[in-house]
Protein chains: 2
Amino acid sequence: MIENTDSAVLLRVRDFLATTQLPDGGRLPPERELAEFLDVGRGALRKALATLQAEGVVWRHVGKGTFTGERPIDTVADINAMVQRTNPLEVMGARIAFEPEVARCAALNATPSQIAELRGCMLKAQQAPTWRLYEQWDNRLHRSIGEASQNSLLLGLLDTLNAVRRAVTWGRLRDTPVRPPPDHHSFEEHARIVEAIADRDGAGAADAMRRHLRSVESHMRDLR
Amino acid sequence: MIENTDSAVLLRVRDFLATTQLPDGGRLPPERELAEFLDVGRGALRKALATLQAEGVVWRHVGKGTFTGERPIDTVADINAMVQRTNPLEVMGARIAFEPEVARCAALNATPSQIAELRGCMLKAQQAPTWRLYEQWDNRLHRSIGEASQNSLLLGLLDTLNAVRRAVTWGRLRDTPVRPPPDHHSFEEHARIVEAIADRDGAGAADAMRRHLRSVESHMRDLR
DNA sequence: TAAGCAAACCAATCATGAATTGGTTCTGAC
DNA sequence: GTCAGAACCAATTCATGATTGGTTTGCTTA
């Protein structure tokens, strides 16, 4: 065996990385294979890889392997943290800021089947025999609008917003056995939103959604 | 077999749900078992379950089973999940939809010290000696606008959006050693945004932010 | 003695195939 | 026609073994 000092092994691994130009985030051979290929003991190879990992050239994980580039971020949007910092008023403000623009995107991108889905949710909400079911279909309508935006990132943000909303307004569900009155303000507002989306009227959809949420907000205040 | 009309089966299933009080979200026995237990044909049982599902009492999924309560939406609070589903184009679309409204809120709610902070970030970005530092101060400017909205939930959503953006556009950082040119388009656009916020001009701030992001988007396309 | 290599072992992960489950279609009995 | 039963399909779950980075042990060699 030739000189297998630490720096020599490190150089050989660097050379391997340079010659076999892996795509960024690409996977290196397993340590055992790479050690044999480079004619190096596994321990020495691991030392070199540790150095490269410290440099940020590669990252490793048990069971996964060794990869080029930096370790992908593992931050999850901490919904609990948001819940503790915020309050129902902020939630409503965020909805009024965010959802109209989602509706605008939906108006521009919704497929016919998605528009049919929106109409279906709307009808189910109108015919809901209880408040609980009404809210369920109302939620689904709003999320379907997010799906209709055809933007998975917008949908993800909307889901996050809704998760926070549910956590914040938890336990406030109306358990009144009565059903929403046939002239409930939301029904016509929902219809305006859905029709604007069906008409591909982005500005109209955004405006209708804004009016709807403002209406919900004012009724929320009346309850207190 | 006794009378197994649809309503009778439905009643028997409801009774089963009532007696075996499952936790919300609990799982019912498989259709085959439940049908035998209730001494009912599987088809009839499925009819009843379909009704219950339409009512929102249960939800079903192939391979998973039948569960009580509402179908949980797979909330993608996991940024990695969002990153894998989305793409740079969607990220830009989400920014254009979301950030102008954040700027609008900021115009209405920013404190004087926050406005000063915005001006500071703007100047630092203009004087940045490298592209990397410019992007750093640009990022901070956009986040400061989120802080100025005085809505922690909007700020949280903005942070989530930015985390996804960083992950998606990763490795595309310009490492050109040169600094942004003094007439870089963003400088004037930033100034318009900040001044609109300082003037408490919500519509103007939203408009300026939208123009800015559209400009960034078009330059992004030119690079390819 | 000290360093390095090989082997064995551990825990996390991945890959594969069998079993499970809701959804569908067909047949036969009434 | 209707309905129960069987068979089949596709999505999902579950169990099992293989893979992989991390660690320890022991032997060899300089």
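Both backbone and side-chain heavy atoms feed into the values below; hydrogens, waters and symmetry mates do not. Lettering of chains follows the sequences in order, A, B, ..., and the numbering in each one begins at 1.
A donor-acceptor contact shorter than 3.5 Å is absent between the side chain of D199(A) and the backbone of D201(A). When atom types are taken as modelled, the side chain of S149(B) and the backbone of I145(B) share no donor-acceptor pair closer than 3.5 angstrom.
When each of L213(A), I193(A), D207(A) is paired with P100(A), the side chain to side chain contact (heavy atoms under 4.5 Å, CB included) condition holds for L213(A) and for no other.
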Where along nucleotides 14-30 of chain C does protein come under 4.0 Å, by heavy atom, of base (B) or sugar-phosphate alone (S), with - for untouched nucleotides? S------BBBB------

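Per the geometry, CG belonging to L34(A) stands 13 Å off P belonging to dG22(D), to the nearest Å. In this entry the distance linking CG of D39(B) with P of dC3(D) reads 16 Å, nearest Å. Spacing between atom CG of L45(A) and atom P of dC5(C) amounts to 10 Å, rounded to whole angstrom units. F67(B) has its CZ atom 17 Å from the P atom of dA11(D), to the nearest Å.
Put simply, the side chain of T66(A) does not reach to within 4.5 Å of the side chain of R27(A), judged on heavy atoms.
For T86(B), the side-chain hydrogen bond (donor to acceptor under 3.5 Å, both in side chains) criterion is met by E90(B), not counting sequence neighbours. For E99(B), the side-chain hydrogen bond (donor to acceptor under 3.5 Å, both in side chains) criterion is met by R95(B), H142(B), not counting sequence neighbours.
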